[in-house]
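Excluded from the calculations below are hydrogen atoms, water molecules and symmetry mates; all remaining heavy atoms, backbone and side chain alike, are included. Letters A, B, ... mirror the listed sequences (proteins, then strands); counts begin at 1. Since the model is a prediction, treat every value here as computed from it, not as a measurement.
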2 protein chains.
Amino acid sequence: MEGKGPLGKQFDNVWQDTINGQKSWEIAENKMLEEAIKGAIEKAGLTPDQIAYLLAGDLLNQIISANFAARTMGIPFIGLYGACSTMALGMAVGSMLIDGGFAANVVSGTSSHHDTAERQYRLPTEQGGQRNMSAQWTVTGAGSVVLSQTGLGPRITSVTIGRVVDLGEKDANNMGAAMAPAVADTILNHFHDLQRGPQDYDLIVSGNLGWVGVELVKELLKRSNIELGEMFIDCGCLVYYPEQDVHAGASGCGCSAVVMASDIIPKINQGIFNRVLFIGSGALHSTTSTQQGESIPSIGHAVVIET
Amino acid sequence: MEGKGPLGKQFDNVWQDTINGQKSWEIAENKMLEEAIKGAIEKAGLTPDQIAYLLAGDLLNQIISANFAARTMGIPFIGLYGACSTMALGMAVGSMLIDGGFAANVVSGTSSHHDTAERQYRLPTEQGGQRNMSAQWTVTGAGSVVLSQTGLGPRITSVTIGRVVDLGEKDANNMGAAMAPAVADTILNHFHDLQRGPQDYDLIVSGNLGWVGVELVKELLKRSNIELGEMFIDCGCLVYYPEQDVHAGASGCGCSAVVMASDIIPKINQGIFNRVLFIGSGALHSTTSTQQGESIPSIGHAVVIET
């Protein structure tokens, strides 16, 4: 499905099915993340022993995909949990570790898998039930980036770690509505801290708000007199064609990972964009919290990437 | 149970039961973590708005206790997953963020709860089945530390982020055996990197190996001609009296959190110990990975604390 989407030709590798010869979807996801991390290290012209830290996480309970990938890689491992915001969180923390002088190179990666996520968070995949129009489709994909102290590629120049925001959304089939207030909060804090506005960026890209969340963020920011306009896009609206019928768009840790790694970062590298604000967002609920009637706490982490 | 153990009188607060008036054990754990984080900030003479980052995680799926605590606190939140190594991981990453100049103060905290962990990882708590002699008892407890750029308390002077090690242990009732190789690996790497040995420390304290894991670490290190001796202790052996019948000792994120915060760090502060090596350890499995027949990947993170 991802390979047949608008960015399909830009991915380094597309598997023909969601299990790729492994004995379970979970192992397939783990292998996919390993492939992405190894690929990023190789593309950077490095070997795993030149990488000081692996920062990774995923959606599965106890971030099992990341743990198993870390087992294979043998790189000192900082496990992160930020749900679908993990790509941004890993880039943010990784860049601070490098700037602080604690590493010459770090690798950050994340993955999600439609079938592992759905059966964990929502319903048995075999059920094939009708999905809400506000529901998003968890991307089966993994992406990874190497951050280095030196080099010629795009640079992370600032980060804004988000606060947890929860306006009371309880519908696990409407992640866009749950995450939008957290994304808006982080954008506002970022603009405030750096005394910037939308005009200071060529592109503002959110991680996986989907069509519902994007509209809500625009509306929330309008209340603070901020118009994001045409330069605001969302990774969740870029992975699938409308006729692929995923309803409100794409989501999952893999969503922003594959869009940033295959499309946005290469475009910054080519000078198509010069300064990009990337805000990864995550819905920090669990099945237990949903079953116990809790609302969905969400978070957004922002990373500025420049040529 | 923890209040009746050897360190009971040193805890800031002991609840009379495991639910403390909340509607579920999970909410109780969340509130316990909040109490610990708020308490640490208060004791440091700070307010939440003076804290740049909250680093937290726990054992529950999607680190839900930490997410909800972060929601209440409103502090920019870096979610970590390191299973029972989270206390050490949070202190390690937090200290690097401070040393890198990204924060004046950070707070790190973690929790575990016997009843939430058991029903998630193993068996329904109502079942009351007989436990293996190698099994450890998940501590119901939370602990938190504030790390600051300035001040008079003990300092973190170096950290060693661990690699995932997995020698094939599959028994979810023998965490000590699963974690011991990872702890030994981190101690060896730490000694190698800093050109140090046991003689350079007043105390080497592991997070939650329990009686089984402690013996295995000693045995593994003997193969590299390292004798840890009397100065090697384990938080998992300090929380309960033998007659409390917890079998192989204590475990859980809360185990090292309550021992470090209530006993070891105060003793460093008093000058009883001058240089302590703390190695938090975590078993990075999930119920899904166990059900799918996978072994238990484990990790150890080391932090050096000095007067």
Side-chain angles (χ1 to χ4, degrees), chain A residues 23-24 26-27 52-54 57 59-64 66-83 85-86 89 92-93 96-102 116 120-121 159-166 186 189 282 284-289 292-294 297 299 301, chain B residues 23-24 26-27 52-54 57 59-64 66-83 85-86 89 92-93 96-102 116 120-121 159-166 186 189 282 284-289 292-294 297 299 301:
Chain A
K23 66 176 179 169
S24 71
E26 284 76 14
I27 301 293
Y53 304 116
L54 163 62
L59 287 173
L60 297 189
N61 296 342
Q62 287 75 51
I63 58 165
I64 199 73
N67 296 340
F68 280 110
R71 181 176 71 175
T72 304
M73 299 305 299
I75 301 168
F77 172 52
I78 296 173
L80 297 174
Y81 188 79
S85 74
T86 304
L89 181 60
V93 176
M96 290 195 276
L97 295 180
I98 286 180
D99 197 60
F102 294 99
T116 66
Q120 176 184 282
Y121 277 108
V159 308
T160 301
I161 298 290
R163 302 183 291 196
V164 173
V165 177
D166 183 344
T186 297
N189 290 333
L284 304 177
H285 64 313
S286 77
T287 50
T288 309
S289 70
Q292 293 185 352
E294 293 292 330
I299 201 158
H301 298 298
Chain B
K23 66 175 180 170
S24 71
E26 285 76 14
I27 301 292
Y53 305 116
L54 163 62
L59 288 173
L60 297 189
N61 296 341
Q62 288 75 51
I63 59 164
I64 199 73
N67 296 341
F68 280 109
R71 181 176 71 176
T72 304
M73 298 306 299
I75 301 169
F77 172 51
I78 296 173
L80 297 173
Y81 188 79
S85 74
T86 304
L89 181 61
V93 176
M96 291 195 275
L97 296 179
I98 286 181
D99 197 60
F102 294 100
T116 66
Q120 176 184 282
Y121 278 107
V159 307
T160 300
I161 297 289
R163 301 183 291 196
V164 173
V165 177
D166 183 345
T186 297
N189 290 333
L284 303 178
H285 65 311
S286 77
T287 50
T288 309
S289 69
Q292 292 184 352
E294 294 292 331
I299 201 159
H301 298 298

**Fill in**
Max heavy-atom pairs within cutoff under 4.5 Å with chain A, candidates M73(B), E26(B), M96(B), goes to M96(B)
**Message:** If the test is side chain to side chain contact (heavy atoms under 4.5 Å, CB included), which one of N67(A), L60(A), I64(A) qualifies with S286(B)?
**Reply:** I64(A)
**Asked** Rounded to the nearest 0.5 Å, what separation is found between the CZ atom of R163(A) and the CZ atom of F77(B)?
**Response** 14.5 Å
**Message:** As an exercise, state the distance from CD of Q120(A) to CG of L59(A), rounded to the nearest 0.5 Å.
**Reply:** 7.5 Å
**Asked** When only pairs under 4.5 Å are counted, which of I78(A), L89(A), T288(A), D99(A) shares the most heavy-atom pairs with chain B?
**Response** I78(A)
**Asked** Among S289(A), A66(A), G82(A), who wins on heavy-atom pairs under 4.5 Å with chain B?
**Response** S289(A)
Any sub-3.5 Å donor-acceptor pair from [X]'s side-chain atoms to [Y]'s backbone N or O?
X	Y	result
Q292(B)	I27(A)	no
H301(A)	G162(A)	yes
Y121(B)	T116(B)	no

Less than 4.5 Å to any heavy atom of chain B: does that hold for the side chain of [X], its backbone, both, or neither?
X	result
F102(A)	side chain
I75(A)	backbone
L54(A)	neither
A83(A)	neither

